[in-house]
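Structure record follows, encoded as structure tokens.
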Amino acid sequence: MSADLQALLDGPVLDVAPRLLNAVLRKGAVAVRVTEVEAYDGPNDPGSHAFNGPTRRNEIMYGEPGHLYVYFTYGMHHCCNVVVGPEGTASAVLVRAGEIIDGLETARSRRPKSRDRDLARGPARLCKALDIDLSDNTADLRSGVLTLQLSGEPEPTFATGPRVGLRGAADRPWRFWIDGDPTVSTYRPAVVRTRKAQG
DNA sequence: CCTACGATCGTCT
DNA sequence: GACGATCGTAGGT
């Protein structure tokens, strides 16, 4: 099983991304069935963290597929990606949303004010429900506390559209989701932030 | 359902 | 020093 994961992820990111729909991402007692992802195509993609070449933060993207890339953003949120494609291509798939299929009580305790369908509805919410943070960056998803299991069959009814919250390359329809699933996040365009008043 | 807005800090220039 | 692959809340429709 573990050997398969590496092979299944070792292809073009636009082919691999929809194959992650219905995959199960687990950390410890909590497991999520993935319902929404986005593809990021390494240095060719203005939306990718690897667009400007290697840095300390994105280093793991250049490594072998099947590892987790976790980043911290907006001063308070974590998001996680599965590194895919041949080593060195620096492509990754952002895990944007999912349905809790195990450890529901634990997930609820981590996000007490959420309705169940909102527990992992959004990339930072999903990381919160799974207790994923920077200490999980670079984790090998084949074994250990964090694991990824792909479903045997490709999801037959997925939809595609523009990625969420991007300023660059906002036109590329590289978001993939399971059509009609209530745990898929709502689309939000990039926002222009207003400068805080000088004091 | 929708839109608007502020929180808050790691990362890169 | 500027910005962000976001979220929760407030308030309107």
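No hydrogens, no waters, no symmetry mates; every other heavy atom, side chains included, goes into these values.
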In [range], what residues come within less than 4.0 Å of DNA chain C, judged by heavy atoms?
{"range": "residues 32-58 of chain A", "value": "A:Tyr40, A:Gly47, A:His49"}
{"range": "residues 160-168 of chain A", "value": "A:Val164, A:Gly165, A:Leu166, A:Arg167"}
{"range": "residues 112-122 of chain A", "value": "A:Lys113, A:Gly122"}

Over how many whole Å does the gap from [X] atom [atom1] to [N] atom [atom2] extend?
{"X": "A:Met76", "N": "C:dT9", "atom1": "CE", "atom2": "P", "value": "13 Å"}
{"X": "A:Tyr187", "N": "C:dT6", "atom1": "OH", "atom2": "C1'", "value": "14 Å"}
{"X": "A:Asp133", "N": "B:dG10", "atom1": "CG", "atom2": "C1'", "value": "14 Å"}
{"X": "A:Leu126", "N": "C:dA5", "atom1": "CG", "atom2": "P", "value": "17 Å"}
{"X": "A:Phe72", "N": "B:dC12", "atom1": "CZ", "atom2": "C1'", "value": "16 Å"}

### A:Glu87-A:Thr89 side chain donor-acceptor pair, cut-off 3.5 Å
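Their side chains do not contain a donor-acceptor pair, so the 3.5 Å distance test is not met.
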### Query
Between B:dA7, C:dA5, B:dG10, which nucleotide has the shortest distance from any of its atoms to the side chain of A:Leu94?
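So the nucleotide nearest the side chain must be C:dA5.
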### Query
Considering only C:dA5, B:dT8, C:dC7, which nucleotide approaches the side chain of A:Ala124 most closely?
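So the nucleotide nearest the side chain must be C:dC7.
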### Joint hydrophobic cluster, A:Leu130 plus A:Leu141, side-chain heavy atoms closer than 4.5 Å
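Yes: a chain of side-chain contacts under 4.5 Å links A:Leu130 to A:Leu141.
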### Query
Is it true that A:Trp177 and A:Leu126 fall in one hydrophobic cluster, defined by side-chain heavy atoms closer than 4.5 Å?
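No, because A:Trp177 and A:Leu126 fall into different hydrophobic clusters, even though each may have its own neighbours under 4.5 Å.
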### Query
Any donor-acceptor pair under 3.5 Å between the side chain of A:Tyr74 and the base of B:dA7?
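Not at all, since no donor on one side and acceptor on the other fall under 3.5 Å apart.
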Any donor-acceptor pair under 3.5 Å linking the side chain of [X] with the backbone of [Y]?
{"X": "A:Glu59", "Y": "A:Pro54", "value": "no"}
{"X": "A:Glu36", "Y": "A:Ser185", "value": "yes"}
{"X": "A:Arg111", "Y": "A:Leu119", "value": "yes"}
{"X": "A:Arg110", "Y": "A:Ala129", "value": "yes"}

### Message
Taking NZ in A:Lys128 as the centre, count heavy atoms belonging to other residues, nucleotides or ligands within less than 6.0 Å. Is the count above 12?
### Response
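Count not over threshold, so no.
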### Message
Closest-nucleotide mapping onto DNA chain B: is A:Leu134 or A:His77 further toward the 5' terminus? I mean the 5' end.
### Response
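Comparing both residues, the 5'-ward one is A:His77.
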### Task
Scan A:Arg175 against the nucleic acid and name what it touches under 4.0 Å (heavy atoms): base, sugar-phosphate only, or nothing.
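Answer is nothing: A:Arg175 stays at 4.0 Å or more from every strand.
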### Query
Across the strands shown, which category fits A:Arg188 at heavy-atom distances under 4.0 angstrom: base, sugar-phosphate, nothing?
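Base, at least one base heavy atom under 4.0 Å.
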Closest non-hydrogen atom pair between [X] and [Y], with its separation:
{"X": "A:Tyr187", "Y": "A:Pro162", "value": "CE1-O, 3.7 Å"}
{"X": "A:Asn58", "Y": "A:Gly53", "value": "ND2-O, 2.9 Å"}
{"X": "A:Gly98", "Y": "A:Val32", "value": "CA-CG1, 3.5 Å"}

#### Entry: Test side-chain hydrogen bond (donor to acceptor under 3.5 Å, both in side chains) applied to A:Asp179 - qualifying residues, sequence neighbours left out
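For A:Asp179 there are no side-chain hydrogen bond (donor to acceptor under 3.5 Å, both in side chains) partners, ignoring immediate neighbours.
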### Query
Taking only residues two or more places apart in sequence, or in another chain, which ones meet A:Thr35 in a side-chain hydrogen bond (donor to acceptor under 3.5 Å, both in side chains)?
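With sequence neighbours excluded, A:Thr35 shows a side-chain hydrogen bond (donor to acceptor under 3.5 Å, both in side chains) to A:Thr183, given in chain and number order.
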#### Entry: Residue that, paired with A:His49, satisfies ring pair (Phe, Tyr, Trp, His ring centres under 6.0 Å) out of A:Tyr71, A:Tyr40, A:Phe72
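Of the listed options, the one satisfying the test is A:Tyr71.
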### Message
Let me check I have this right: for DNA chain B, each base becomes ., (, ), [, ] or |, based on Watson-Crick or G-U pairs with both distances under 3.5 Å. What is the full string?
### Response
|||||||.||||.
